[in-house]
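If you're wondering where the values come from, they're calculated on a predicted model, not measured in any experiment. Throughout, a chain's letter reflects where its sequence line sits, starting with A, and its residues are numbered from 1.
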Amino acid sequence: MPELPEVEEAAQRLRRAVVGRTIARVQPLHRSVAARVTPAIARALRGATVERVERRGKHQLIHLEDGRIIHVHFRMSGDWALLGDAEAPRSARLVITFTDGTRLALVDPRALGTVDVHRAGAPPVIALGPEATDPTIDPAEVRAQLRGRRAPIKVALLDQRILAGVGNIYAAEGLWHAKLDPRVAASSLTRRQVARMLQGIRTAMAQAGGARYATDEDRFAVYGRRGEPCRRCGTPIEQLTQAGRSTYFCPKCQGARRRS
DNA sequence: CGTATCCTGACC
DNA sequence: GGTCAGGATACG
């Protein structure tokens with residue numbers, strides 16, 4: 001499931017599965033896909049060969065040799081599944097069959113994911129900030145982006161134009177690592193605090209991408225842990241709602257009054 | 001700016 | 001039955 005580390009992992013599986021292969025058949029199985037991949041568009045994909053797979057933030061771009069691009073976004077619950085000979089699961093929203101028999105499914109229980117086919121020469125325009133995992137990001141530039149934004153920092157982080165790939169979980173996790181209060185105005189962060197926040201997000205994402213944990217419980221420091229003791233100071237983790245999304249944080253070590 | 005909305009499933 | 005989900009956008 002899908003924030004930057006998970007989409008990156010999915011894109012790698014996709015790459016291994018489809019680069020160099022030729023599409024034999026495209027079957028939209030739900031209106032979430034069929035609304036944009038019409039029967040004519042699906043038919044026209046037959047015979048096209050995949051040249052490469054690119055990830056930008058949480059977006060995946062399947063570049064075809066003829067210049068067309070299949071643009072996929074998992075939204076809340078999308079993922080790739082290789083079907084083999086198995087029947088497509090109930091949650092499959094799109095199945096692509098390749099000439100060598102490879103069968104790839106977009107599984108997406110909530111059916112909020114999107115698939116768009118762009119014709120050659122008309123690539124998608126996606127407004128994204130720098131990749132959240134990029135260690136060369138200049139904190140001063142991110143701070144400049146955050147100036148004049150009255151939203152709380154946690155809400156601003158969900159705007160993909162600030163940092164590409166940060167979602168609700170890693171926004172909370174990154175702020176915890178950086179000991180920053182999710183409620184403070186984005187515009188109030190110092191350059192130093194922004195630098196710490198960037199490091200915190202990278203730390204959180206690196207932990208997700210690295211060792212696999214047995215359960216979700218061990219993967220996150222604060223996300224989904226309301227009432228459990230903070231790993232740093234033991235204070236119970238609190239949950240609040242910001243812009244309609246849950247935010248988890250430690251009221252003590254992410255307190256508003258602490259400086260740098 | 002916050003809120004509703006798309007859609008389905010899991011859980012209380 | 002209601003509420004809540006790791007996303008993004010169209011609203012008012």
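Atoms CD1 (A/I153) and P (B/dC1) sit 12 Å apart, rounded to a whole Å. Computed from coordinates, the A/L112 CG to C/dT9 C1' distance equals 12 Å when rounded to whole Å. Rounded to an integer number of Å, the gap from NE2 of A/H71 to P of C/dG7 is 15 Å. What separates CG of A/L4 from P of C/dG7 is a distance of 12 Å, to the nearest Å. Atom pair A/D159:CG and C/dA10:P shows a separation of 13 Å (rounding to whole Å applied).
For B/dC6, the OP1/OP2 oxygens have no side-chain nitrogen or oxygen of A/S32 closer than 4.0 Å. Taking 4.0 angstrom as the limit, A/Q160 places a side-chain polar atom (N or O) nearer than this to OP1 or OP2 of C/dA8. Distances shorter than 4.0 Å separate none of the side-chain N or O atoms of A/R75 from OP1 or OP2 on B/dC6. Using a 4.0 Å cut-off, some side-chain N or O of A/R245 falls inside it from OP1 or OP2 of C/dG7. Taking 4.0 angstrom as the limit, A/H30 places none of its side-chain polar atoms (N or O) nearer than this to OP1 or OP2 of B/dC7.
Here the nucleotide nearest the side chain of A/H73, chosen from C/dG7, B/dC7, B/dG9, is C/dG7. Side chain of A/R110, nearest nucleotide from B/dT8, C/dA8, B/dC1: B/dT8. Side chain of A/A243, nearest nucleotide from B/dT3, B/dT8, C/dG7: B/dT3. Closest contact between the side chain of A/R90 and the listed nucleotides B/dG9, C/dA8, B/dC7 involves B/dG9.
Both cation-pi conditions hold for A/R232 and A/W176: the charged atom is under 6.0 angstrom from the six-membered ring centre and inside a 45 degree cone around its axis.
Remark: the separation of the C1' atoms in B/dC1 and C/dA5 is 24 Å, to the nearest Å. Comparing the P positions of B/dA10 and C/dA8 gives an interatomic distance of 23 Å, to the nearest angstrom.
In this structure, A/H71 and A/H118 have tilted ring planes: the angle between them lies in the 30° to 60° band.
If you check every strand for non-hydrogen atoms under 4.0 Å, A/G167 touches sugar and phosphate atoms only. Nucleic acid contact for A/S246: sugar-phosphate only, since backbone atoms but no base atoms lie under 4.0 Å from a heavy atom of the residue. Using a 4.0 Å heavy-atom criterion, one finds that A/R161 contacts no nucleic acid atom at all. A/Q239 comes within 4.0 angstrom of sugar-phosphate atoms only, judged by non-hydrogen atoms across all strands, and of no base.
For A/Y248 and A/L158, each mapped to the nucleotide of DNA chain C holding its nearest heavy atom, the one lying further toward the 5' end belongs to A/Y248.
Base pairing of C/dC4 is made with B/dG9, judged by Watson-Crick or G-U wobble geometry with both donor-acceptor distances under 3.5 Å.
With hydrogens and angles left out, the side-chain atoms of A/Q199 and A/R196 include no donor and acceptor closer than 3.5 Å. Under 3.5 Å, the side chains of A/Q145 and A/E141 contain no donor-acceptor pair of N or O atoms.
Taking the charged nitrogens against the carboxylate oxygens, A/E173 and A/R219 have no contact shorter than 4.0 Å, which rules out a salt bridge.
Put simply, the side chain of A/R55 gets close to the backbone of A/G57: a donor and an acceptor are under 3.5 Å apart.
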